[in-house]
Amino acid sequence: MEEAFMKRTANCGELRAKDEGKEVILNGWVHRDRNHGALHFINLRDRYGMTQVVVDDDADAELVKRASELKLEYCIAVKGKVRKRPESMVNKEMPTGEIEVKAEKIEILSPSDTLPFMIEDETNAKEDLRLKYRFLDLRSKGMQDRIRLRHEFIKAIRQFFYKTDFYEIETPTLIRSTPEGARDFLVPSRIYPGKFFALPQSPQLYKQLLMVSGFDKYFQIARCYRDEDPRGDRQLEFTQLDLEMSFVTREDILDLMEKLFREVFKKVVNVELPEHFKRLSYHDAMNTYGSDKPDLRFSLEIKDGLPLVDITSFQILKDIKEKNGAVKFLVAPKKEGFDYTRKYLAELEESAKIYGASALYFMKAEDGKLQGGISKFFEGKNDEVLSITGAKTGDVILVIAHENWKKACNSMGAVRSKLGADLNLIKKGFEFCWIIDFPLFEYNEDEGHWEAAHHMFSMPQSEYIETLEEDPGRVKGDLYDLVLNGYEVASGSIRIHDVELQKRIFRICNIPDDMAEERFGFLLNAFRFSPPPHGGIAPGIDRICMIIADQSSIKEVIAYPKNTAAMSPMDESPAEVEQKQLDELSIMIKPKKDEA
RNA sequence: GUGGGAGUAGCGAAGCUGGUUAUCGCGCUGGCCUGUCACGCCGGAGAUCGCGGGUUCAAGUCCCGUCUCUCACGCCA
């Protein structure tokens, strides 16, 4: 019996000089096609690589004709013999560059329309077009590499956990709301007309129940859904490694994560991470780097500007200090070939204003003197300013003042980030750090009440527990974030496991007991039956892969395009969809007559 | 929700202060080519300049409206 098509005996990435003389069949796509008249070269591509196929000058008429029919991205089968390329024709750029396959027969398995954009390592087609033709975009080497990276990353995570006594457990996805603070995606229920399921924002409640059940250690590669505006580093639908452990302290969890990332980064990108990651308190991170997710690939530090206020005649700074606000300064370093022009300083100010600063003040240090900007407010105090700031000739002292400490920090943080990028200060590599001692509550001005800064199930640090209600703003939580190159990549905490404490937290967050009972009753109920002390953390797989893939967008490292992941939303109302789906299903189930 | 940017051939772009045939590269197409590998060379087709309106002798270019995309903020960790 003749085969349906010439099925491959080798892939396009594996043939080498040692395979010389082998008769092979390759299957793949026509990546490039170079026709020289009597000689014809075809780069045949599959996910394993690329192999050059030659239609030589001794080819018979049929082979020549078939080869001339080929166009880009035709899916073909080639039968031929592996041969070494002539010495001077070896392509060192290609892993298979020492050989080529001399075609004896070509079969077109499937032709292709003219492409909407070229399949290149990195295409410059616009995002929406690439997403419309996602299947073509994913044929490119750049995209295949990203998807492979993601695969390797998840594989390495699983390998790590399979050596431990963690259980991998899946939690439900048609659930009642998990309160992470974002909007829920809702799914109408057919069985309970008019009612809805929520898709999980995280497996939070369920993993806590698993701890109450005594599973002790659990992990899951979990899909999560949050109905908020997407960004380059944030999707509606995303994947995280979710884990929870019983009878542990914060140190156990941080330690586990450091071990995990050391092993995984070694395996996946062959990078040695330090044994322990730097730690910064939330306050130190904000004060020093102007961000709770600082990029430590460059050191540029923000300093407290209050000492400057004591020696200035600048009333605006004095007023801010009077009101207990924050004054921050940053010394922008001199750099050869880079001028702090008026225009550039205005750009820096713009980036500060986005985060609420009303102005970015500056003065230049030149030969032991201050020049320009606000220097006139430091008449006769040049030496003091230079000694406080440490500024040297060519440096620029940047100052931000704001009544609101957080806004002052964030604004200067934006300036720091821009300087880091523009002055090329950012080193290659991976800088992890822990941010710890987060405040447990934040005041929501719009709603007029306190709310959980992270989520409502995180433990306050023990010294605050008795006096929680007195001033929620000063309560630090047993919360920890893992930050990589300026992105938050994991977030975790030690959980509350006590009904009364949980209810107090709910009350502070303006959730009265009856509402708490209604929404989280099943968790509160579980807490009545000897829940163990426990805690966990959830690293975002998409974002870490994005950073490893050199900060391509998350759209590029996950398998689904934007909006609701796989597709843009449907127009029909749920009821219409349901009927339509049933109709389609019944057509599919009925066998066609001629097939039966 | 707010603000910035963009929409010109299948794709990516150019088109300065309005001026008569809208340019370039890739792709497509016809031909030539025995060693290419982003092959090369010669020719060709392909665009009511997002859409609607306005100003003007004249609009891709200026104005108003509108849609779409995109980035930042808000929101969200």
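A, B, ... follow the sequence lines: proteins, then strands. Residue 1 opens every chain.
- Closest to the A:P116 side chain, of the nucleotides B:rG10, B:rC37, B:rG27, is B:rG10.
- Ring-plane geometry between A:F432 and A:F277 is classed as parallel, the angle between the planes falling under 30 degrees on a 0 to 90 degree scale with a further cut at 60.
- Residue A:L72 has its side chain nearest to B:rG27 when only B:rG27, B:rC37, B:rC11 are considered.
- Taking atom P on both nucleotides, B:rA22 is separated from B:rA59 by 14 Å, rounded to a whole Å.
- Rounded to whole angstrom, the span from the CD atom of A:E69 across to the P atom of B:rU29 amounts to 13 Å.
- No side-chain donor-acceptor contact under 3.5 Å links A:E228 to the backbone of A:L236.
- Listed nucleotides B:rC39, B:rU34, B:rC75 differ in distance to A:R32; the shortest reach to its side chain belongs to B:rC39.
- Ranking B:rU36, B:rC75, B:rU8 by closeness to the A:E100 side chain, first place goes to B:rU36.
- Within a heavy-atom distance below 4.0 Å of RNA chain B, the residues of residues 39-55 of chain A found are A:L39, A:F41, A:N43, A:Q52.
- The aromatic ring centres of A:F197 and A:F185 sit 6.0 Å or more apart.
- Distance A:D57 CG to B:rU36 C1': 14 Å, rounded to the nearest Å.
- Rounded to the nearest 0.5 Å, atoms NZ (A:K418) and OG (A:S351) are 6.0 Å apart.
- Rounded to whole Å, the distance from CG on A:L129 to P on B:rC26 is 20 Å.
- Nucleotides B:rG65 and B:rG4 place their P atoms 13 Å apart, quoted to the nearest Å.
- Using P as the reference atom, B:rU8 and B:rA14 are 11 Å apart when rounded to the nearest Å.
- Taking the six-membered ring where the residue is Trp, A:H455 and A:F457 present tilted rings, their angle falling between 30° and 60°.
- Put simply, the side chain of A:R85 and the base of B:rC37 share a donor and an acceptor less than 3.5 Å apart.
- Taking the side chain of A:M118 as heavy atoms from C-beta on, and the options B:rU34, B:rC37, B:rC26, the nearest nucleotide is B:rC26.
- Rounded to whole angstrom, the span from the CD atom of A:E98 across to the P atom of B:rC37 amounts to 19 Å.
- The same atom, P, is picked in B:rC28 and in B:rG74; the two are 46 Å apart, to the nearest Å.
- Comparing B:rC33, B:rC28, B:rC75 by their closest approach to the side chain of A:N35 singles out B:rC33.
- No hydrogens or angles were tested; on distance alone, nothing pairs the side chain of A:D229 with the base of B:rC75 as donor and acceptor under 3.5 Å.
- In this structure, A:S88 and A:S491 both approach RNA chain B, and ranking their closest nucleotides by distance from the 5' end singles out A:S88.
- When distances are taken from the side chain of A:R34 to each of B:rA13, B:rU29, B:rC37, the shortest belongs to B:rC37.
- Rounded to an integer number of Å, the gap from A:I354 CD1 to B:rU2 P is 17 Å.
- Counting any heavy atom pair closer than 4.0 Å across all strands shown, A:K293 reaches no nucleic acid atom.
- Nucleotides B:rA45 and B:rA38, compared at atom C1', are 24 Å apart to the nearest Å.
- Among the protein residues, A:R234 comes within range of the nucleic acid bases, having at least one heavy atom under 4.0 Å from a base atom.
- Taking side-chain N and O atoms only, A:K353 has no distance below 4.0 Å to OP1 or OP2 of B:rC73.
- A salt bridge is absent between A:D128 and A:K132; no separation between the charged side-chain nitrogens and carboxylate oxygens falls under 4.0 Å.
- Side-chain atoms of A:R83 and base atoms of B:rG35 include a donor and an acceptor less than 3.5 Å apart.
- The side chain of A:K71 contributes an N or O atom lying less than 4.0 Å from OP1 or OP2 of B:rU29.
- Ring geometry for A:Y133 against A:F117 counts as perpendicular: the plane angle is over 60°, on a 0 to 90° scale with 30° as the lower cut.
- A:Q240 and A:A538 make their closest contact through NE2-CB, 3.4 Å (heavy atoms, listed as atom of the first residue, atom of the second, distance).
- In this structure, the nucleotide among B:rA72, B:rC37, B:rC76 sitting nearest to the side chain of A:R231 is B:rA72.
- Going from the P atom of B:rC16 to that of B:rC33 covers 44 Å, rounded to whole Å.
- As rounded to the nearest Å, B:rC41 and B:rU36 have C1' atoms that lie 15 Å from one another.
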For RNA chain B, the expected dot-bracket line (Watson-Crick or G-U under 3.5 Å, [ ] crossing, | inter-strand) is (((((((..((((.....[...)))).(((((.......))))).....(((((..]....))))))))))))....

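- A residue-by-residue look at A:T114 and A:A125 shows that A:A125 has its nearest nucleotide of RNA chain B further toward the 5' end.
- Spacing between atom CG of A:D33 and atom P of B:rG35 amounts to 16 Å, rounded to whole angstrom units.
- Rounded to whole Å, the distance from CD1 on A:I119 to P on B:rC26 is 18 Å.
- For the pair A:S493 (side chain) and A:L479 (backbone), a donor-acceptor distance under 3.5 Å is absent.
- Among the atoms of the strands shown, only primed sugar atoms or phosphate atoms (P, OP1, OP2) are found under 4.0 Å from some heavy atom of A:N124.
- Comparing B:rC62 with B:rC49, their P atoms sit 15 Å apart, to the nearest whole Å.
- When the options A:Y289, A:W405, A:F438 are evaluated for a ring pair (Phe, Tyr, Trp, His ring centres under 6.0 Å) with A:H283, the one that passes is A:W405.
- Residue ring and nucleobase are not stacked for A:H36 and B:rU34 under a centre distance beneath 5.5 angstrom and an angle between planes beneath 30°.
- Distance A:Y74 OH to B:rG27 C1': 14 Å, rounded to the nearest Å.
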Worked check of side chain to side chain donor-acceptor pair (under 3.5 Å) between A:D33 and A:Y74: CA-CA 11 Å; A:D33 181 25; A:Y74 271 34; over 6 Å; no

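- Distances from the side chain of A:K126 to the nucleotides B:rG12, B:rG27, B:rC76 place B:rG12 closest.
- A:E73 has a carboxylate O that lies under 4.0 Å from a charged side-chain N of A:R139, or vice versa, which qualifies the two as a salt bridge.
- With salt bridges taken as basic N to acidic carboxylate O contacts below 4.0 Å, none links A:R297 and A:E431.
- Residue contacts shown for A:M89 include a base, since a base heavy atom lies under 4.0 Å away.
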